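Here is the structure we will look at.
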There are 2 protein chains.
Amino acid sequence: MLQPSGLEWTDPECPVARAADLVGDKWTLLIIRDSLDGKRRFSEFEKSLGVAKNILSDRLRLLVDRGLLARIPNQSGTRSQYELTDAGRDLFTLILSLRQWGERNAFTAGESHSVLIDPSTGQPVPEVRPLSADGQELGPDQALLVKVGQPLPEAAR
Amino acid sequence: MLQPSGLEWTDPECPVARAADLVGDKWTLLIIRDSLDGKRRFSEFEKSLGVAKNILSDRLRLLVDRGLLARIPNQSGTRSQYELTDAGRDLFTLILSLRQWGERNAFTAGESHSVLIDPSTGQPVPEVRPLSADGQELGPDQALLVKVGQPLPEAAR
DNA sequence: ACCACTTGGTTGCAACATGCAACCATTCTG
DNA sequence: CAGAATGGTTGCATGTTGCAACCAAGTGGT
């Protein structure tokens, strides 16, 4: 499990809250975006994000500490690379959800934006959607939050 | 489209970045989580999140301004409710991705956490996964970022 | 070998955001 | 009608962000 040093969970029982504690920050999300896109060097992130160096330095340190990135030092001791760990790579679904929500809701019809292509089809990556076990689309009104310690509802037993 | 007043996009061409500008903040994400869970009143958010009132007040104002929540005033002019707009409800996939990533990566095997149940099956909501058009699972290495203005790769034409 | 440039940072400082506590006008509740 | 709860706002101390300057180690060109 990810075990960040000196981080108090905002709401320890909720996976959404733990995830938000770990990656719920603009620069953190954009660093992960760039990492998934293959970027690994300090200067690549800096150029792509336009973020202040001290902030980038801080976020990279946090991401390494939290187990999302691994710092691979160069043989000469400097110019390390930052590579996604398994937990970091597992954020692909999240970043894709962010991207597709942004495409649907933060652009007007005429505006162009970058696109993720599936090279096997040449088409944009299909939208990720929550599905019920029977393959039906699942919306927020069909999902029921069960708090920890609470008995499962009748239907779930 | 969402048209927040006085917000400069960090990276206008990237949907991930626009989305991060709009919802890439811990409290914002947790307010959306609670809204999807049916909470609508100031005090409900306050109690659930444990956030300072001025911060909650600020985030609710931003969310309304950005078009993710609608403020429904009470007839008496006070005690309004905050309801998700369509764009806000569309964040269900994102919050679910956050939740499932958190479940996979921010808990040890023994730790318990809240769960989303699909009442139609009684089982936890299945994991959302990016799929290729042919139904194969799609990972970060199989997706290709195409920047705006850049020609589509050969395969996509 | 030398000099300039790039990389990957750190430090100092000003401005802004966050969080706590106190306060307050309404509005429910008994 | 008194008291509590609701939905905030304000002030202040502390923390975070972002800019600019600086710097040491490596890299490249001659």
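Naming: A, B, ... by sequence-line order, numbering from 1 per chain. Small disclaimer: the values here were computed from a predicted structure and weren't measured.
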Are A/D25 and B/D25 close enough that some pair of their side-chain heavy atoms sits under 4.5 Å apart? no
May I ask you to say what A/Y82 touches in the nucleic acid, namely base, sugar-phosphate or nothing, with a heavy-atom cut-off under 4.0 Å? sugar-phosphate
Of the nucleotides C/dG19, C/dT18, C/dG8, which has the atom closest to the B/W27 side chain? C/dG19
Whole angstrom is fine here: how far is it from CG in A/D58 over to P in C/dG8? 18 Å
Whole-Å distance, A/L30 CG to D/dT17 P, equals 14 Å
d(NZ, A/K26; P, C/dT18) in whole Å: 12 Å
Whole-Å distance between C/dG19 P and A/E8 CD? 14 Å
Under 4.5 Å between any side-chain heavy atoms of B/L49 and B/R33, yes or no? yes
Going by heavy atoms in the side chains, are A/L30 and A/W27 under 4.5 Å from each other? yes
If I take atom CG in residue B/L60 and atom P in nucleotide C/dT18, what distance separates them, rounded to the nearest angstrom? 14 Å
Which one, C/dT26, D/dT17, D/dG26, comes nearest to the side chain of B/R79? C/dT26
Closest listed nucleotide, where the reference is the side chain of A/A52 and the choices are C/dT6, D/dT6, D/dG18: D/dG18
Are B/S57 and D/dT9 close enough that a side-chain N or O sits under 4.0 Å from OP1 or OP2? yes
Can you measure A/I55 atom CD1 to C/dT10 atom C1' for me and round it to whole angstrom units? 13 Å
Regarding C/dG8, can its base be found pairing with the side chain of A/K53 as donor and acceptor, where the two atoms are less than 3.5 Å apart? yes
With a 4.5 Å limit on heavy-atom distance, are the side chains of B/Q123 and B/I117 in contact? no
For A/R71 and A/N54, take the nucleotide of DNA chain C holding the closest heavy atom to each; which residue's nucleotide lies nearer the 5' end? A/R71
Could you go step by step and tell me if A/E46 and A/S43 meet the side chain to side chain donor-acceptor pair (under 3.5 Å) rule? CA-CA 5 Å; A/E46 190 189 3; A/S43 54; over 6 Å; no
Among C/dG19, C/dT10, C/dT18, which nucleotide has an atom closest to any side-chain atom of A/R61? C/dT10
What integer distance in Å separates B/D25:CG from D/dT16:C1'? 13 Å
Return the value, rounded to whole Å, for the distance between atom CZ of B/F42 and atom P of D/dA5. 16 Å
